[in-house]
Structures are given as structure tokens and as C-alpha cells.
Visitor: 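The structure is given below, and queries will be raised subsequently.
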Amino acid sequence: GAVVSQHPSRVICKSGTSVKIECRSLDFQATTMFWYRQFPKKSLMLMATSNEGSKATYEQGVEKDKFLINHASLTLSTLTVTSAHPEDSSFYICSARDRATGGDSNQPQHFGDGTRLSIL
Amino acid sequence: EDKVVQSPLSLVVHEGDTVTLNCSYEVTNFRSLLWYKQEKKAPTFLFMLTSSGIEKKSGRLSSILDKKELFSILNITATQTGDSAVYLCAVQTGGGNKLTFGTGTQLKVEL
């Protein structure tokens, strides 16, 4: 149980392109999903918390107009990197917590497989 | 700024060895500490620790938290090649949504 699917797993595109990444909870519903970014040999860094039916909460230093988050349903959140540049190249990974637990913070987050984004 | 530090950064052992991975933290408003195993892709959940001194066990893996010393260890006994992975430590703070991760310990188990 608690499977999170992320798509695509790998994206290579030109500078200036917008890229959309999907995060789906397959066997549970998630009121809250989380988006992380990981640079080589660095920690996973939380970018934003995605809330179903409301605006995402962004961490300090993360541009909300650059990284658009939509959480339209209880099983899907999307992250769109707008007008991507080479410095946006990174590993993006999402996680979700099972709504059935009440979104209880005493329950773990379950992670997707991540998306390797390369901007040329 | 919240900080999570893991050591060692990497480790190579032989099958059958016992390893201890370390995680120390300095955070505001601690809620819990989590351990994840990351092989090629998604980190998979291992343990969540909220109370000091209570060991959690799952097969050959065990973990314990010391909230006074702001420290946790993850033990793996009788290691196998399938234990090779990056082990991530994360601390949950505040309202419980934010996870701050360490950089991980890369474990390689050789025959």
C-alpha cells in the first residue's frame, strides 16, 4: 500500500520551456502533498506543500511564479517549472501522506520515484 | 535554520558485518525523526521515532532516538548486499509537515 507515482521520470528540454511533473497517490487519498528538490550530493529540500483545493505553501526562497503547483484532486498534484533554465536542472521528488490517517503528522510521508530534470 | 547531519557520508562493509549510522539534529520545534532507505528511486520509509530511549525494530534493522543529545542511530545487523542504499534521516518540525533531511549515508555491502 501507500504507493506514490511520479511522472515523467526523466525530462530533457531546452531553456525557456515549461515542464509539468505529476504526482499521484495510487492507493490512497492525499489532502497534502509535498514537493522536494535535490541537487547532487545535497539533501532533499522542501520546496512547497501542496494542499488540495487551496493554494500551495512555499518555502522561503522558492519562487511561486516559477514553480506553479496545482492540487486539483485528492490523488493528484502537479508541479510546473515555468520558463525553465539550466539552473533549474535538478531531481524533483514528491511525497504524500494518507488522508485516511487524518493527515496526521505522526504518519510518514510516502515518496514518489522522482523526476530528473535536465535543462539544456 | 534547522539542520540535520548524518555520518558517515559513505561506508563500505562486508556481508555479515554490523553497521551503525548516525544522525544528529538542531531544529526548532521537534516533532519526530524518520529514517528512509533510498535505493535507485523513491525513499522507502523505515522508522519514525518520537520518544527517547524506545528502540524500534524491523528484522535486522533497529533505531533509537536520544532527544537530550539530539541524536539517533540506525543499526543494521548481519548486513546483506540488498542493504546497499542511501539511508536518509529526516526531522519533522513545526506543524508536522516540514521534513528537513540530512545528506544521507551511502552504504555499500560487498560479498
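The shown structure was predicted, so the numbers you read here are calculated from the model rather than taken from an experiment. Lettering of chains follows the sequences in order, A, B, ..., and the numbering in each one begins at 1.
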Visitor: For chain B, find which of A/S9, A/G114, A/G112 contributes the most heavy-atom pairs closer than 4.5 angstrom.
Guide: A/G112

Visitor: Checking heavy atoms, do the side chain of A/I93, its backbone, both or neither come under 4.5 Å from chain B?
Guide: side chain

Visitor: Could you verify whether a donor N or O on one side chain and an acceptor N or O on the other, from A/T78 and A/E22, lie under 3.5 Å apart?
Guide: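 Not at all, the side chains of A/T78 and A/E22 share no donor-acceptor pair under 3.5 Å.
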
Visitor: Do side-chain atoms of B/N75 reach the backbone of B/S63 as a donor and acceptor pair under 3.5 angstrom?
Guide: no

Visitor: Any side-chain heavy atom of B/D2 within less than 4.5 Å of one from B/V91?
Guide: no

Visitor: Let me have the donor-acceptor pairs involving side chains of residues 55-63 of chain A, under 3.5 Å, with sequence neighbours excluded, atom names and distances please.
Guide:
unit_1: A/Y58; atom_1: OH; unit_2: A/F67; atom_2: O; d: 2.6
unit_1: A/Y58; atom_1: OH; unit_2: A/I69; atom_2: N; d: 3.3
unit_1: A/E59; atom_1: OE1; unit_2: B/K98; atom_2: NZ; d: 3.0

Visitor: Could you check if a side-chain atom of A/F34 sits within less than 4.5 angstrom of a side-chain atom of B/L99, using non-hydrogen atoms only?
Guide: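 No, too far: nothing below the 4.5 Å cut-off.
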
Visitor: Counting C-beta onward and ignoring hydrogens, is there a side-chain heavy-atom pair between B/F47 and B/L61 closer than 4.5 Å?
Guide: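 They are in side-chain contact.
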
Visitor: Could you tell me which portion of B/L88 (side chain, backbone, both or neither) has an atom closer than 4.5 angstrom to a non-hydrogen atom of chain A?
Guide: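 For B/L88, the side chain is the part near chain A, not the backbone.
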
Visitor: With no hydrogens and no angle check, do the side chains of A/W35 and A/T49 hold a donor and an acceptor under 3.5 Å apart?
Guide: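 No, A/T49 and A/W35 have no side-chain donor paired with an acceptor closer than 3.5 Å.
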
Visitor: State whether a side-chain donor-acceptor pair under 3.5 Å links A/Y36 with A/Q109.
Guide: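 Judged by distance alone, the side chains do pair up.
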
Visitor: Quick one: which residues of residues 102-111 of chain B reach chain A at under 4.5 angstrom, heavy atoms only?
Guide: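 If one takes a 4.5 Å heavy-atom cut-off, the residues of residues 102-111 of chain B near chain A are B/G102, B/T103.
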
Visitor: Quick one: what part of B/Q6 sits under 4.5 Å from any heavy atom of chain A, side chain, backbone, both or neither?
Guide: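 Neither part, no heavy atoms under 4.5 Å.
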
